[in-house]
Amino acid sequence: MAGILVIAEANEGALAPISGELLGAARKLAGEGAGSVTAFIAGSDALGKELIALGADAAIADTNPALQGALAEVYLPAVQAALQQSGADIVLMGQTALGRDLGPMLAFALGTAVSMETVDLKYTGGKLIATRACYGGNARAEVSFKNAPAIATVKAKSFDALAPDASRSGSVSTIDVAGEARVKVLGVQKAESTGIRLEDAPVVVSGGRGLGDPSGFKMLEELAALLKGATGASRAACDLGWYPPSQQVGLTGKVVSPNLYIAVAISGASQHMAGMAGSKNIVAINKDPDANMVKAAKYAIIDDYKKVVPALIEEIKKLG
């Protein structure tokens, strides 16, 4: 019961949503006997206090400015120092740009293993058991660890963040550790987006190649706006240039788990299904009754989307 170290992340001075989700996973493991939860963050001790409110028992803030927006090799010594200070035998981080590199790098440095793209975690018999997707999302594998610490990178939306509790108390310590970068980042280009983020949307309306042409997304955007949600797309639609790659849902795109997922003219390839499998309610609009998406959906409308979606939009407008 040595404990859990959560590698939290910040974005433009604020905690990234994955940080709360990781703490939600850690609290679940703590409830199963995995020990106390320590959170590590690159930034000020104020972020450490926020992490305590989200479920950490203690926080370690690295104040070295070199860590801001840094690569994994710069993070590595800082995470090792935090791991030694916390004494944790489980390390959780997000399946993010940072975690994809830092997870294997940390595992190699410590002579242990990492479970990538983890979607579930449990602590039983004194061991961490991680569940991850395999065979292109068609199956799931449960893995355990021979050596400590056990490291897992967790996919976004796999766990729910706890509601912030300002009454929680815990120690916040600071360190000043950073590695040396061998690569120089010359520039960063952000994908432009407006409205609610796809990953955070309570409702997602996605379209696929079955729309026939990119004009169909205008209709889906109108429906998503009425439902206060976001618009996504399948990889096939993005590859055709019909919709921005930043809005792709799937194994190689964004992972979403909204309350409502409306799949319009999407056949349901395994890669896409892996990206939206956590949706609470799935509605499929498709002309093919045998499509994988139709079989996976809670509700299905078998008809041409050009008839269904406009009618749905009009009915929602009446309710508003």
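Numbers for residues simply follow the sequence, beginning at 1. Values in this document were obtained by computation on a predicted structure and should not be read as measured data.
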(Q) I'd like to check Asp304 versus Val308 (side-chain heavy atoms, cut-off strictly below 4.5 Å). Are they in contact? (A) no
State whether a side-chain donor-acceptor pair under 3.5 Å links Ser173 with Gln85.
yes
Original post:
Does Glu73 use its side chain to pair, donor to acceptor, with the backbone of Arg182 at less than 3.5 Å?
Top reply: yes
message: Looking only at side-chain N and O atoms, does Gln80 offer a donor or acceptor that is under 3.5 Å from a partner on Tyr75?
response: no
**OP:** Could you verify whether a donor N or O on one side chain and an acceptor N or O on the other, from Asn281 and Lys298, lie under 3.5 Å apart?
**Re:** yes
Check your understanding: For atom CZ of Arg27, is the number of surrounding heavy atoms from other residues, nucleotides or ligands below 6.0 Å larger than 12?
Key -> yes
Check your understanding: Given side chains that start at C-beta, do those of Pro149 and Leu83 come closer than 4.5 Å, heavy atoms only?
Key -> yes
Worksheet entry | Ile129 side chain near Val143 side chain, heavy-atom distance below 4.5 Å | no
task: Taking atom CZ of Arg132 as the centre, report whether more than 12 heavy atoms of other residues, nucleotides or ligands fall under 6.0 Å from it.
output: yes
Side chains of Thr231 and Gln247 only: does a donor on one sit below 3.5 Å from an acceptor on the other? no
Notebook entry, point to check: So with a 6.0 Å cut-off around NZ of Lys307, is the heavy-atom count from everything else above 12?
Noted result: no
| With a cut-off of 6.0 Å (strictly less than), are more than 12 heavy atoms of other residues, nucleotides or ligands near CG of Asp160? | no
- Query: Just wondering, are more than 12 heavy atoms of other shown residues or ligands nearer than 6.0 Å to NZ in Lys28?
  - Reply: yes
* Using a 4.5 Å cut-off on heavy atoms from C-beta on, say whether the side chain of Phe145 contacts that of Val114. => no
